[in-house]
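Structure first, then comments.
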Amino acid sequence: MLANIAIGLVTSLLGGVAVWLWERVKRARVANKQAALFGVLPGQTCLFVVGNKYNSPGTTHQRDVRAVVELALLVGELGCQVMVESGDFRGGNGDRTEFCVGGPSGGANIRTSGHLAAHLPGVVIHPYSATHSDSVAIEVDGEKFLFDRGNHEYALVAKFTPAESTCPVFLVAGQTSVANLAAIHFLRREYMKVYRQLSSMERFCLIIKVSDIRTYDFHRAEIEREVTASAFGN
């Protein structure tokens, strides 16, 4: 009887350890895929560069603040620290993974403009216009992703490593703060789907589409297209 009880206890213990090890391995795999997609290293300090409201220097839209909070939670879960700079930040990101959030329209994020000019020659983000149909459109290799406020909007998401840096820049340039938040929320939630779809974690460029905004706000987002080759000019 005592032998049977001892065997049962040992079997239960071994089963519990096996389950614990499996869950630990599974969590590690998840963390590794998230870290690979977003380009972060455990224990590093990440640089967040946040844009202003359109034509409102010194103020940040509450949705952009929420987007940054989502990113901060993500990198915090991966064991990283955060430092925040405004969109007029100058200099390289060096050994810090940079998250640059906000489109360039109206001078909202000057650093985004610089990143686009230096690294994504195939991308044009049109200026705001009250009369032109391509107002704030994202254009890649001649294809325009048009802005339709309240119905559908787009965000360009790109990852690349500047020649002078050892860590990547993760750029989120939405047509509005809704698109910025939607893109980050989508990538954080659907990172596995995105991970499997991309051919490279080192450099990529995606167009994220946000639909039915009046009904679902930033929650209905999906990958519209991968435009890596066209955006980087090769």
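Everything quoted here is computed from the prediction, not taken from an experiment.
Between Glu202 atom CD and Thr161 atom OG1 the span is 6.5 Å, to the nearest 0.5 Å. Atom CD of Glu224 is separated from atom CD1 of Ile208 by 9.5 Å, given to the nearest 0.5 angstrom. One distance of note links CG of Leu156 with CG of Leu206; it measures 8.5 Å at 0.5 Å rounding. Rounding to the nearest 0.5 Å places NZ of Lys159 at 13.5 Å from SG of Cys205. Distance check: Arg149 CZ to Ile213 CD1 gives 9.0 Å after rounding to the nearest 0.5 Å. The CD atom of Gln175 sits 9.5 Å away from atom CG of Asp148, with the distance rounded to the nearest 0.5 Å.
Enclosure of atom CZ in Arg189 by more than 12 non-hydrogen atoms of other residues, nucleotides or ligands within 6.0 angstrom is indicated. Within a 6.0 Å sphere centred on CD of Glu70, heavy atoms belonging to other residues, nucleotides or ligands number more than 12.
One N or O on the side chain of Thr112 and one on the backbone of Gly102 form a donor-acceptor pair closer than 3.5 Å. Here the side chain of Ser135 pairs no donor or acceptor atom with the backbone of Tyr128 at under 3.5 angstrom. Listed for the Thr97 side chain is a donor-acceptor partner under 3.5 Å among the backbone atoms of Gly39. The backbone N or O of Cys167 sits less than 3.5 Å from a side-chain atom of Asn93, completing a donor-acceptor pair. When atom types are taken as modelled, the side chain of Ser105 and the backbone of Pro127 share no donor-acceptor pair closer than 3.5 angstrom. One N or O on the side chain of Asn180 and one on the backbone of Gly174 form a donor-acceptor pair closer than 3.5 Å.
Under the 4.5 Å side-chain criterion, counting only non-hydrogen atoms from C-beta, Arg90 is in contact with Ile110. Inter-residue side-chain proximity for Val82 and Leu71 is flagged as unmet; no heavy-atom pair is nearer than 4.5 Å. Counting heavy atoms from C-beta outward, Asp88 and Asn52 have side chains that stay 4.5 Å or more apart. Annotation: side chain of Val157 is in contact with side chain of Phe170 (closest heavy-atom distance under 4.5 Å). Between Arg96 and Met83, some side-chain heavy-atom pair lies under the 4.5 Å cut-off.
Applying the ring pair (Phe, Tyr, Trp, His ring centres under 6.0 Å) criterion to Phe145, with sequence neighbours excluded, gives Tyr154. Residues passing the salt bridge (Lys or Arg N to Asp or Glu O under 4.0 Å) test with Arg63 are Asp217, sequence neighbours excluded. Take Phe218 and apply the ring pair (Phe, Tyr, Trp, His ring centres under 6.0 Å) test, not counting sequence neighbours, and it matches His185. Partners of Glu143 according to the salt bridge (Lys or Arg N to Asp or Glu O under 4.0 Å) rule, which considers only residues two or more places apart in sequence or in another chain, are Arg225. With sequence neighbours left out, the ring pair (Phe, Tyr, Trp, His ring centres under 6.0 Å) criterion links Phe147 to no other residue.
Residues Val40 and Phe48 fall within the same hydrophobic cluster, defined by Ile, Leu, Val, Met, Phe, Trp and Tyr side chains chained together at heavy-atom separations under 4.5 Å. In the hydrophobic cluster analysis, where Ile, Leu, Val, Met, Phe, Trp and Tyr join through side-chain heavy atoms closer than 4.5 angstrom, Val68 is grouped apart from Val178. Leu146 and Ile207 end up in different hydrophobic clusters when Ile, Leu, Val, Met, Phe, Trp and Tyr side chains are linked at under 4.5 Å. By the criterion of side-chain heavy atoms lying less than 4.5 angstrom apart, applied directly or through intervening Ile, Leu, Val, Met, Phe, Trp or Tyr residues, Leu116 is not grouped with Val124; the two fall into different hydrophobic clusters. Clustering ILVMFWY residues whenever any of their side-chain heavy atoms sit less than 4.5 angstrom apart, transitively, puts Met192 in the very cluster that holds Val75.
Among all heavy-atom pairs drawn from Gly51 and Thr60, the shortest one is O-OG1, 3.5 Å. Nearest heavy-atom pair across His126 and Asp134 is CB-O, 3.2 Å. The shortest non-hydrogen separation linking Ala155 to Ala179 is CB-O, 3.7 Å. Among all heavy-atom pairs drawn from Val140 and Ala231, the shortest one is CG1-N, 4.0 Å. Residues Met201 and Leu37 share a closest heavy-atom pair of SD-CA, 3.8 Å. Closest heavy-atom contact between Asp95 and Thr166: CA-OG1, 3.3 Å.
The only option from Leu47, Val172, Val50, Asn109 that meets the side-chain contact (heavy atoms from CB on, under 4.5 Å) definition with Cys100 turns out to be Asn109.
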Test side-chain contact (heavy atoms from CB on, under 4.5 Å) on Val49 and Val169; report intermediate values, then the result. CA-CA 10 Å; Val49 181; Val169 171; over 6 Å; no
Run the numbers on Glu98 and Arg111 for salt bridge (Lys or Arg N to Asp or Glu O under 4.0 Å), then give the verdict. CA-CA 11 Å; Glu98 175 183 336; Arg111 189 156 175 91; 2.8 Å; yes
Trace of the side-chain contact (heavy atoms from CB on, under 4.5 Å) decision for Phe204 with Val194: CA-CA 11 Å; Phe204 57 78; Val194 179; 5.8 Å; no
For Val136 and Thr176: C-alpha separation, side-chain torsions, deciding distance, then whether side-chain contact (heavy atoms from CB on, under 4.5 Å) applies. CA-CA 9 Å; Val136 301; Thr176 66; over 6 Å; no
Step by step, would you call Asp141 with Val227 a side-chain contact (heavy atoms from CB on, under 4.5 Å)? CA-CA 9 Å; Asp141 196 27; Val227 293; over 6 Å; no
Criterion side chain to side chain donor-acceptor pair (under 3.5 Å) on Glu226 and Thr228, from CA distance to verdict: CA-CA 6 Å; Glu226 181 182 353; Thr228 302; 2.8 Å; yes
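Grouping Ile, Leu, Val, Met, Phe, Trp and Tyr by side-chain contacts under 4.5 Å, direct or through others, leaves Leu41 on its own.
Below 30°, between 30° and 60°, or above 60°: for Phe99 and Phe38 the angle between ring planes is between 30° and 60°, a tilted geometry.
Note on Glu77 versus Arg188: salt bridge recorded, some NZ/NE/NH1/NH2 to OD/OE distance being below 4.0 Å.
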